[in-house]
Amino acid sequence: MSENQNLLAEQRRALILDEVRRRGGVRVNELTRKLGVSDMTVRRDLDALARQGVLEKVHGGAVPVAEASAHEPGFEAKSGLEPTAKEDIARAAASLVAPGSAVALSGGTTTYTLAHHLLDVPDLTVVTNSVRVADVFHSAQRTSGPRQGSATVVLTGGVRTPSDSLVGPVADQAIASLHFDVLFLGVHGISPEAGLSTPNLAEAETNRRLVQSARRVVVVADHTKWGTVGLSSFATLSQVDTLVTDAGLPAEARAEISEHLNRLVVTGERECGDGLLADAETPSPDGTPDPSEGSFNSEDPADI
């Protein structure tokens with residue numbers, strides 16, 4: 001971390017959290033020196049992060065929270081984590097969607113952010129098991145009124161989870177009868193061994209149905225999800241076509257992911273091998289870029 005007195009609170013807290021996770025703990029006096037802020041400011045930041053449940057305050061500093069694999073944070077707790085990364089990921093993911101597509105969005109705070117960016121994509125059919133995602137589209141239609149090209153939204157039934165997803169037999173049956181052009185999937189954790197995982201057993205089964213019904217699977221997840229393992233796995237990395245993530249993902253993780261996925265999109269960066277960018281820009285028969293082709297990182301979502 002570099003010293004910067006002008007960091008926004010959100011940026012400071014992201015840096016503090018990364019440092020706690022990387023080192024296994026930090027002291028207040030270390031953070032004041034590295035961030036160039038007062039002791040009081042650091043303690044306020046630690047208080048805010050502790051209220052979100054992402055670290056634990058100890059005498060003189062903070063340590064990571066040791067979460068059980070079955071622990072499932074609520075939607076509000078997760079929505080305050082990595083907001084800038086989620087916004088960048090959502091913007092890049094939205095550029096992968098062609099007008100008139102049948103799109104599925106799972107539950108999660110990143111897919112919720114993505115939903116806002118899909119409001120201006122015309123003629124979508126959106127299937128979701130997320131109450132929050134569905135409300136994004138319904139609220140927009142209530143505010144602006146019916147308009148040509150507005151999305152048709154299908155909300156599955158089911159039992160509501162702490163993250164406001166609908167799961168269980170009702171949701172599973174509804175999803176099993178449908179077919180999507182692309183699924184945007186938020187995850188609790190990603191790892192080479194466990195693949196995609198969640199702490200909720202019922203949600204794992206519903207996510208399996210979503211993956212089975214999708215022609216293309218795009219995972220939207222910030223770098224903090226890498227290496228996290230929930231109670232139940234629902235897909236392997238080889239079942240994922242594209243991962244859209246942020247620049248905080250370590251180089252070794254990128255190399256490992258690239259062995260399993262067709263495409264890795266890292267927001268804020270451009271790095272491609274011979275021919276990869278050309279593959280990414282190869283149009284599909286309908287004239288839009290085909291996100292199933294190639295593997296690349298993108299600086300500008302418009303280039304995806």
Side-chain angles (χ1 to χ4, degrees), residues 67-72 78 89 92-93 96 102-111 114 127-130 156 161 163 165 167-169 171-173 175-246 248-267 276 279-280 290-297 304:
E67 290 188 349
S69 61
H71 173 67
E72 182 177 9
K78 293 191 290 186
I89 290 166
L96 301 175
V103 177
L105 278 73
S106 74
T109 53
T110 308
T111 49
L114 170 59
V127 178
T128 184
N129 68 321
S130 169
T156 71
T161 71
S163 59
S165 299
V167 301
D172 298 345
Q173 186 173 354
I175 293 165
S177 65
L178 302 172
H179 305 280
F180 326 121
D181 295 314
V182 59
L183 163 66
F184 290 98
L185 192 60
V187 297
H188 173 81
I190 314 172
S191 76
E193 299 79 17
L196 312 183
S197 61
T198 172
N200 189 300
L201 289 171
E203 187 167 28
E205 181 57 34
T206 299
N207 284 345
R208 286 189 197 101
R209 298 298 180 95
L210 285 167
V211 171
Q212 291 167 3
S213 294
R215 185 168 66 89
R216 185 179 306 126
V217 177
V218 179
V219 172
V220 286
D222 67 74
H223 70 281
T224 64
K225 305 299 180 67
W226 178 253
T228 298
V229 178
L231 178 64
S232 180
S233 297
F234 57 86
T236 64
L237 291 183
S238 61
Q239 291 177 276
V240 177
D241 297 289
T242 303
L243 169 64
V244 185
T245 188
D246 65 292
L249 188 70
E252 58 271 20
R254 302 184 193 193
E256 195 156 15
I257 289 169
S258 296
E259 294 178 2
H260 299 277
L261 273 62
N262 291 331
R263 170 176 290 184
L264 172 63
V265 178
V266 179
T267 63
L276 292 180
D279 287 342
D290 185 351
S292 68
E293 299 293 331
S295 173
F296 73 104
N297 300 336
I304 300 175

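No side-chain donor from either of Ser130 and Thr128 sits under 3.5 Å from a side-chain acceptor of the other.
Heavy atoms only, all atoms of each residue included: Leu249 and His223 are closest at N-CB, 3.3 Å. Considering every non-hydrogen atom in both Ser213 and Ile175, the closest pair reads OG-O, 3.0 Å. Summarising the geometry of Ser191 relative to Trp226, their closest heavy-atom pair is CA-CZ3, 4.3 Å, with the distance given to 0.1 Å. Annotation for Ser233 and Ala194: closest pair OG-O, 2.7 Å, computed over non-hydrogen atoms. Across all their heavy atoms, Thr111 and Ser106 have their closest contact at OG1-O, 2.8 Å. The shortest heavy-atom contact between Lys225 and His188 is CD-O, 3.4 Å.
To the nearest 0.5 Å, atom CD of residue Glu256 and atom CG of residue Leu261 are 11.5 Å apart. In this structure, the separation between CG on Asn262 and OG1 on Thr242 is 7.0 Å, given to the nearest 0.5 Å. For the atom pair CG (Asn129) and OG (Ser165), the distance works out to 5.0 Å, reported to the nearest 0.5 Å. Of the inter-residue distances, the one linking Asn207 atom CG with Asn200 atom CG reads 9.0 Å to the nearest 0.5 angstrom. Here the CG atom belonging to Asp241 is positioned 11.0 Å from the CG atom belonging to Leu96, to the nearest 0.5 angstrom.
For Asp172, the side chain to side chain contact (heavy atoms under 4.5 Å, CB included) test picks out Glu205, Thr206, Arg209, with sequence neighbours left out. The side chain to side chain contact (heavy atoms under 4.5 Å, CB included) check on Ala214 picks up Phe180, Leu183, Val217, with sequence neighbours excluded.
Looking only at side-chain heavy atoms (C-beta outward), Phe234 and Val187 come within less than 4.5 Å of each other. Leu237 has its side chain within reach of Ile190: a pair of non-hydrogen atoms, C-beta onward, lies under 4.5 Å apart.
Without hydrogens or angle criteria, Asp181 side chain to Val103 main chain gives no donor-acceptor distance under 3.5 Å. Ser197 contributes no side-chain N or O that, together with a main-chain N or O of Leu231, makes up a donor-acceptor pair within less than 3.5 Å.
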- Check the pair Thr161 / Glu203 against side chain to side chain donor-acceptor pair (under 3.5 Å), numbers first and verdict last. CA-CA 8 Å; Thr161 71; Glu203 187 167 28; 4.7 Å; no
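When each of Leu105, Val220, Leu196 is tested with Leu185 by the rule side chain to side chain contact (heavy atoms under 4.5 Å, CB included), just one qualifies, namely Leu196.
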